[in-house]
Amino acid sequence: MDEDWELAFADDAGRHFARQYGMTPMTGRVIGWLLLCDPQQQTIAELAGALRASRSAVTSAISELEEWSWVQRTRTAGERVDRVRLAPDVWLRLLDNQSEYASLSALARRGLEAMTDQPAERRARLEELAEFTKFLAERMPELAVEWRARREALHSK
């Protein structure tokens, strides 16, 4: 049930996260898909089908993302499959790179442009990412100045 723009966005995310973080492209593709998929929790089989990838490649990507606490795995009582979703605080791991905010914001905007006809609840995760990166870009220079002063005070004790 995927559309071309969804797979294209996941591919863009794969390249983005590979370039920015040294992740495998598949790991980035999983992140990309989890940013826009509906429902937001996906099984390994659903991810593999949507990304047109092998289950083993998706499983490896999920394992890598779990190690970094970027995703959460859950299992509903009575089900025999895990469901994966992005961790609620995943973007807090990106507090150290100003160029990253601009790049990730551009990725979110590209996804939102492709989702103009989608319901608000489906767009919500990308809208949150776009607003989060805007917020960081605005606040981080000020926070960096504050941190430098605090760090200097700490080291002068």
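Nothing fancy with the numbering, it's 1 onward along the sequence. Atom set for the values below is all heavy atoms of this structure, side chains included, hydrogens, waters and symmetry mates excluded.
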Verdict with supporting geometry, Arg125 and Leu36, side-chain contact (heavy atoms from CB on, under 4.5 Å): CA-CA 7 Å; Arg125 285 166 278 158; Leu36 55 77; 5.9 Å; no

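- Closest approach of Leu51 to Arg29, counting heavy atoms only: O-NH2, 2.7 Å.
- A parallel orientation is assigned to the rings of Tyr21 and Phe17, their planes being inclined by less than 30° (bins at 30° and 60°).
- Between Ala57 and Ser54 the shortest heavy-atom distance is N-OG, 3.1 Å.
- With a 4.5 Å cut-off on side-chain heavy atoms, Trp70 and Met23 count as touching.
- Contact annotation: the side chain of Leu34 never approaches that of Gln40 to less than 4.5 Å [non-hydrogen atoms, C-beta and beyond].
- Glu127 is listed as a side-chain neighbour of Leu112, based on a closest heavy-atom distance under 4.5 Å.
- In terms of heavy-atom proximity, Cys37 sits nearest to Arg122 at C-NE, 4.3 Å.
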Run Glu64 and Thr24 through side-chain contact (heavy atoms from CB on, under 4.5 Å) and show every step you take. CA-CA 9 Å; Glu64 186 175 356; Thr24 65; 3.9 Å; yes

Do Ser105 and Lys134 pass the side-chain contact (heavy atoms from CB on, under 4.5 Å) test, and can you show the C-alpha distance, the side-chain angles, and the key distance before you say yes or no? CA-CA 7 Å; Ser105 179; Lys134 180 180 174 185; 5.6 Å; no

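- With a 4.5 Å cut-off on side-chain heavy atoms, Pro88 and Gln72 count as touching.
- Judged purely by distance below 3.5 Å, without hydrogens or angles, the side chains of Arg123 and Gln118 never pair a donor atom with an acceptor atom.
- Remark: Arg75 does not engage Glu79 in a salt bridge, criterion side-chain N to carboxylate O under 4.0 Å.
- Rounded to the nearest 0.5 Å, atoms OG1 (Thr59) and CD (Glu66) are 10.0 Å apart.
- In this structure, CE on Met115 lies 9.5 Å from CD on Glu3, to the nearest 0.5 angstrom.
- Each of Leu47, Thr43, Thr27 was scored for a side-chain contact (heavy atoms from CB on, under 4.5 Å) with Val58, with one residue passing: Leu47.
- Phe9 is listed as a side-chain neighbour of Leu35, based on a closest heavy-atom distance under 4.5 Å.
- Connection of Val81 to Trp33 is not established within any shared hydrophobic cluster, with ILVMFWY side chains joined at heavy-atom distances below 4.5 Å, either directly or through further cluster members.
- Checked against side-chain hydrogen bond (donor to acceptor under 3.5 Å, both in side chains), Arg15 has the following partners two or more places apart in sequence or in another chain: Asp12.
- Between Ala87 and Ser69, the shortest heavy-atom distance links the atoms CB-O, 3.6 Å.
- Comment: Arg110 does not engage Glu113 in a salt bridge, judged by the lack of any side-chain N to carboxylate O separation of less than 4.0 angstrom.
- Between the CD1 atom in Ile44 and the CZ atom in Arg83 there is a gap of 11.0 Å [rounded to 0.5 Å].
- At most 12 heavy atoms of other shown residues, nucleotides or ligands fall within 6.0 angstrom of atom CD in Glu128.
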